[in-house]
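The structure appears below as structure tokens.
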There are 2 protein chains.
Amino acid sequence: MSKTTIAIADAQYLIRVGLRHLIEGFEQFEIVGEAGCEKELLEVLENHSPNVVILDYQQPKNFDISSIEKIKSTSPKSKILVISGDNEKENIYNVVQNGVSSFLTKSCDEEEIINAIKATAKQEKFFCNKILNFILEKSFAKPEDCSLIPLSPREIEIVRLVVDGKIAKEIASELNLSTHTIYTHRKNIMNKLELKSTSELVLYAVEKGIVKSPV
Amino acid sequence: MSKTTIAIADAQYLIRVGLRHLIEGFEQFEIVGEAGCEKELLEVLENHSPNVVILDYQQPKNFDISSIEKIKSTSPKSKILVISGDNEKENIYNVVQNGVSSFLTKSCDEEEIINAIKATAKQEKFFCNKILNFILEKSFAKPEDCSLIPLSPREIEIVRLVVDGKIAKEIASELNLSTHTIYTHRKNIMNKLELKSTSELVLYAVEKGIVKSPV
DNA sequence: ATCCTTATTTAAACTAATTCCAAATAATTT
DNA sequence: AAATTATTTGGAATTAGTTTAAATAAGGAT
């Protein structure tokens with residue numbers, strides 16, 4: 001069984017030493033390069049195409065989010081394991097979207113780091129619990145409490161039908177109301193929510209969970 | 001340090017035996033009950049409030065998705081670890097949305113099962129790789145290749161503006177075109193996509209990644 | 001108990017958006 | 001060269017939607 005080759009990309013010397021020390025305790029791992037900045041890293045990648053690249057992208061001037069794309073184009077077979085102290089959800093979503101295999105925070109312990117490297121090398125994914133919770137939050141955020149939506153039950157009913165693509169006439173006939181009633185409701189809805197168009201209303205409804213997200 | 005108490009809820013006798021055998025190999029775990037159907041399970045929960053409930057919800061007549069809600073209301077402190085052979089993404093999303101802590105498939109190996117139990121007992125979450133990939137797919141699906149969308153570049157441009165809430169007149173002035181041009185484009189778009197309303201178009205655009213999802 | 005606010009309902013007159021039909025030009029494919 | 005697709009436009013007819021105004025009912029506040 002051949003060894004898992006690893007490159008360490010971190011601007012901080014001490015982190016590199018720590019990772020090296022930790023990883024060298026496992027026979028199946030082999031560190032083929034260390035890099036303190038992007039230029040160094042790309043050189044390592046060209047020469048070794050390691051199985052796993054351990055990266056902290058959050059180091060201005062040395063590495064940043066765009067480094068991920070560069071790693072992928074320089075060494076497409078290398079899997080990326082991020083270890084970052086980043087706390088910005090948007091950044092993290094962006095990085096996950098970018099297709100890294102694994103994501104740890106700097107507070108993870110030895111066991112998690114080793115498990116993450118193993119999973120990454122096996123082409124699997126690994127996210128530490130904090131990141132996993134962020135991901136779940138994005139995917140499975142509880143629909144907001146409808147009581148937080150400043151719309152009356154009737155109005156919400158009408159929003160659903162509007163989002164369903166129905167025009168005032170159809171909604172009126174479905175609810176046995178005058179079309180004028182629907183127009184009034186709709187105007188009130190738009191005023192309350194400060195929206196200007198049906199499109200915005202549809203997006204609002206999806207966002208607030210009034211209707212099921214198409215995605 | 002007190003033991004992690006576990007209840008096993010699975011209609012299949014052999015699975016229960018297998019789990020029991022596996023779990024009993026670890027001193028820190030203690031099985032406080034086994035259940036082959038929902039009624040038995042609720043009894044176990046009332047008597048023991050175990051830290052972890054291992055459940056296969058996909059067993060008609062014995063357990064189903066609604067069992068999860070019942071577990072949570074009967075024993076709110078128990079964390080739920082699902083082990084299921086379910087392959088329906090919609091089901092799985094539904095279950096994860098319902099707030100289970102962990103989700104394994106029946107093809108997971110011993111190490112994963114034990115890691116999952118440990119994580120669940122620590123109030124953490126654990127998803128095996130297959131489930132994790134489903135979850136990532138839900139929120140981080142790559143925008144579909146625009147070449148798969150049967151719209152011309154101009155049409156896509158107009159879809160974006162429509163979704164942005166702009167009406168024909170505004171779009172026309174933005175693109176220096178006649179409003180009639182916009183109407184024609186929009187009609188063609190609707191015909192091509194077999195859509196009947198602006199709302200459907202907005203949802204289509206979100207779904208296909210033509211515009212960024214609001215969620 | 002009365003007042004006030006919000007929710008719900010409706011209409012007439014008006015304005016604006018949209019569709020239908022028809023067609024021209026340019027670019028691409030066959 | 002012919003056919004298809006993409007892009008553009010206009011006039012007439014239709015339809016949807018806005019504005020303004022108002023009535024009824026329900027619930028909360030004083």
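Letters A, B, ... mirror the listed sequences (proteins, then strands); counts begin at 1.
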Divergence of helical axes at both termini of the helix from C:dA1-D:dT30 to C:dT30-D:dA1 - five pairs an end, 10° steps: 50°
Qualifying residues under side-chain hydrogen bond (donor to acceptor under 3.5 Å, both in side chains), relative to A:S67, sequence neighbours excluded: A:E38
field: With sequence neighbours excluded, residues passing side-chain hydrogen bond (donor to acceptor under 3.5 Å, both in side chains) with A:S101
entry: none
- request: Check whether any side-chain N or O of B:Y183 sits under 4.0 Å from OP1 or OP2 of C:dT18, and answer yes or no.
  value: yes
- prompt: What do the steps show when you test B:I65 against B:N91 for side chain to side chain contact (heavy atoms under 4.5 Å, CB included), and what is the final call?
  reply: CA-CA 8 Å; B:I65 291 183; B:N91 274 343; 3.8 Å; yes
field: Partner of A:F127 by side chain to side chain contact (heavy atoms under 4.5 Å, CB included), out of A:L136, A:V82, A:I92, A:I135
entry: A:I135
- request: Nearest whole angstrom, please: distance from the P of C:dA27 to the CZ of B:R154.
  value: 14 Å
- request: Compare side-chain N and O positions of A:H185 against OP1 and OP2 of C:dT8 and report whether any pair is under 4.0 Å apart.
  value: no
field: Of A:H180 and B:N188, the one whose closest DNA chain D nucleotide lies more 5'
entry: B:N188
- request: Using the six-membered ring wherever Trp is involved, compare the ring planes of B:F103 and B:Y57 and label them parallel, tilted or perpendicular (cut-offs 30° and 60°).
  value: perpendicular
- prompt: Which comes earlier along DNA chain C counting from the 5' end, the contact point of A:K192 or that of A:L177, where each point is its nearest nucleotide?
  reply: A:K192
- prompt: Base, sugar-phosphate, or nothing: which does A:S178 touch, judged by heavy atoms less than 4.0 Å apart?
  reply: sugar-phosphate
Nucleotide interval of DNA chain D bounded by contacts with chain A (heavy-atom cut-off, under 4.0 Å): D:dA16 to D:dT20
query: Expressed in angstrom and rounded to an integer, what is the separation of B:L161 atom CG from C:dA17 atom P?
result: 16 Å
message: Is there a side-chain contact between B:R186 and the phosphate of C:dA17, meaning an N or O under 4.0 Å from OP1 or OP2?
response: no
field: A:R160/A:E157 ion pair, N-O < 4.0 Å
entry: no
Rounded distance (Å) that lies between atom P of C:dT8 and atom CG of A:N176: 16 Å
statement: Contacts satisfying salt bridge (Lys or Arg N to Asp or Glu O under 4.0 Å) that involve residues 40-64 of chain A (not counting sequence neighbours) are A:D56-A:K106
statement: Those residues at least two apart in sequence (or on a different chain) that pass side-chain hydrogen bond (donor to acceptor under 3.5 Å, both in side chains) with B:K118 are none
query: Considering only heavy atoms and no angle criterion, is a donor-acceptor pair shorter than 3.5 Å present between the side chain of A:T184 and the base of C:dT10?
result: yes
field: Rounded interatomic separation in angstrom, taking CD1 from A:I171 and P from C:dT9
entry: 13 Å
- request: Might you work through the salt bridge (charged side-chain N to carboxylate O under 4.0 Å, His left out) test for B:E155 and B:R186, ending with a clear yes or no?
  value: CA-CA 8 Å; B:E155 285 168 343; B:R186 219 173 47 184; over 6 Å; no
message: Applying a 4.0 Å non-hydrogen cut-off, can you work out what A:K187 is touching in the nucleic acid: base, sugar-phosphate, or nothing?
response: base
